[in-house]
Amino acid sequence: MKYSKCLENEYRMYNQVYKILKDKEKVFEHLFEANGRKVQCEWQLHLLEDDMNGNILHVFLKTKKLKEFLINTPVKDYDNFLQFLIDNGSLKDFTNLNTGKDLLCSVYEICLHIPDEEYGYTYRLTVDEETKIRIVLLHDNLVITMDKEKDKPCTLENAKTFEEQEDFNSWKLIINLIYYMKAFPECVIDGLPKGCKLDFSFKNKKIQLGISEKIVEKTIKSDDGREIIPHFRSGHFRYLGSDYFTKKKGQVIFIDSCFVKGKNAKTVLQNN
């Protein structure tokens, strides 16, 4: 199975200069000096540098259906997601490229590889000490930055353009991906998928992510004997970050709202 690649253009840019300078630090000095004034390119270089230093998690979805599930799952727990990032992300000091202000941030950096797609998703997701969230995304030769404040949740139900809808889907994809890995750790498998090779990112942790049996029910039969596969009508993740949850504090659960033609299906909430 072929997987989408991440940071391919950035590594190509790096290798072209490395053939001449033969020194990693000098290469980055040259690239930042030549291109760093362009904010988008500066993001590309920072993410490339982090990947070469082994700081980005590479996630390989075992099936494309999982991507569809993550995009189609609504985000109804946005404020708690910010708290989840603060509680679980890596702490780093960052300089805001727009304001020049140094802020302590909680950070997630992920390269997401999709089966049978050409372009992967490289994310840097940060929440700063002022509880403002930013997502930087490299995808399909594009550099997208999305800033949201805590009181402005990531909802674009009334998106007017294809680009707005794609941005909204990108938000949901990374938010629900992070929640999914926490809610279903049994679906996280260390290492690359069988037969998959990377030309770079040797230092980075790599995992495979499968579909949990808790969100996909097995085929059942209707009264007339026909086989029916139940599917989610709706559901969402929730982070139990409050002290109210004395035994389950810190857990992420998936709340199954309703199944279509799936009366025998179990909810994750009932089984935790």
Side-chain angles (χ1 to χ4, degrees), residues 43 46-47 50 55-57 59 67 69-112 121-139 143-159 164-185 188 209 234-257 268-269 272:
W43 281 120
H46 280 302
L47 285 166
D50 280 351
N55 296 327
I56 300 183
L57 173 67
V59 180
K67 176 191 173 184
F69 167 79
L70 296 173
I71 287 178
N72 291 328
T73 298
V75 177
K76 296 184 178 181
D77 191 39
Y78 185 71
D79 286 354
N80 280 335
F81 178 71
L82 299 186
Q83 187 60 48
F84 174 85
L85 291 179
I86 293 170
D87 292 343
N88 295 277
S90 301
L91 293 177
K92 294 183 182 180
D93 285 311
F94 279 109
T95 301
N96 187 300
L97 297 183
N98 294 323
T99 66
K101 185 178 181 180
D102 291 331
L103 293 170
L104 180 65
C105 296
S106 184
V107 185
Y108 266 84
E109 291 182 306
I110 292 175
C111 282
L112 179 59
Y121 298 77
T122 300
Y123 285 98
R124 172 183 283 175
L125 192 155
T126 60
V127 179
D128 64 31
E129 57 196 75
E130 297 176 353
T131 325
K132 292 183 179 179
I133 187 171
R134 160 175 277 187
I135 291 178
V136 178
L137 168 62
L138 309 187
H139 176 66
V143 182
I144 303 168
T145 60
M146 295 173 278
D147 294 276
K148 298 288 180 182
E149 297 180 11
K150 187 173 181 179
D151 59 347
K152 297 178 182 178
C154 54
T155 53
L156 279 175
E157 288 86 351
N158 298 318
E164 285 184 348
Q165 187 60 52
E166 286 295 292
D167 287 352
F168 183 40
N169 289 342
S170 299
W171 272 98
K172 291 195 294 181
L173 180 58
I174 186 60
I175 290 172
N176 286 323
L177 173 71
I178 292 173
Y179 265 165
Y180 186 94
M181 291 188 291
K182 181 71 172 181
F184 306 121
V188 177
L209 198 60
S234 61
H236 63 278
F237 291 100
R238 179 178 296 172
Y239 175 52
L240 306 181
S242 170
D243 291 335
Y244 173 80
F245 303 102
T246 55
K247 294 183 179 180
K248 295 187 177 183
K249 184 179 179 182
Q251 293 185 17
V252 174
I253 61 173
F254 183 82
I255 298 178
D256 162 20
S257 299
V268 175
L269 187 61
N272 273 308

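Position 1 is the first residue of the sequence; numbering continues from there.
Heavy atoms only, all atoms of each residue included: T73 and K172 are closest at O-CD, 3.7 Å.
Put simply, the side chain of F184 reaches to within 4.5 Å of the side chain of F254, judged on heavy atoms. Here the side chains of Q83 and L85 are not in contact, with every heavy-atom distance at 4.5 Å or above. Between F84 and I178 there is a side-chain heavy-atom pair separated by less than 4.5 Å. T145 places none of its side-chain heavy atoms less than 4.5 Å from the side chain of I135. Contact annotation: the side chain of V75 never approaches that of H236 to less than 4.5 Å [non-hydrogen atoms, C-beta and beyond]. Contact check for L47 versus E109: side-chain heavy atoms found under the 4.5 Å cut-off. Using a 4.5 Å cut-off on side-chain heavy atoms (C-beta onward), L82 and N80 make no contact. For the pair V252 and L240, the minimum side-chain heavy-atom distance is 4.5 Å or more.
Between the CG atom in L177 and the CZ atom in F69 there is a gap of 11.5 Å [rounded to 0.5 Å]. Here the CD1 atom belonging to I144 is positioned 9.0 Å from the OH atom belonging to Y121, to the nearest 0.5 angstrom. N169 CG to N176 CG: the interatomic distance, rounded to the nearest 0.5 Å, is 11.0 Å. Once rounded to the nearest 0.5 Å, the distance linking CD1 of I56 with CD1 of I110 reads 10.0 Å. Distance check: K92 NZ to T126 OG1 gives 10.5 Å after rounding to the nearest 0.5 Å. Distance check: I71 CD1 to L173 CG gives 5.0 Å after rounding to the nearest 0.5 Å.
Between F237 and Y179, the angle of the ring planes lies from 30° to 60°, which puts this pair in the tilted group.
With S106 contributing its side chain and L91 its backbone, the two residues share no donor-acceptor pair below 3.5 Å.
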- request: Show your working on side-chain contact (heavy atoms from CB on, under 4.5 Å) between V127 and I133 and close with a plain yes or no.
  value: CA-CA 4 Å; V127 179; I133 187 171; 4.0 Å; yes
- prompt: Between L209 and V188, does a side-chain contact (heavy atoms from CB on, under 4.5 Å) hold up when you go through it step by step?
  reply: CA-CA 5 Å; L209 198 60; V188 177; 3.6 Å; yes
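No donor-acceptor contact under 3.5 angstrom links the side chains of Y239 and K249, judged on distance only.
Taking S170 as the reference, Y123, L137, M146 meet the side chain to side chain contact (heavy atoms under 4.5 Å, CB included) condition, with sequence neighbours excluded. Residues satisfying the salt bridge (Lys or Arg N to Asp or Glu O under 4.0 Å) criterion with K182, sequence neighbours excluded, are absent altogether. Applying the side chain to side chain donor-acceptor pair (under 3.5 Å) test to D50 and every residue at least two apart in sequence or in another chain returns R124.
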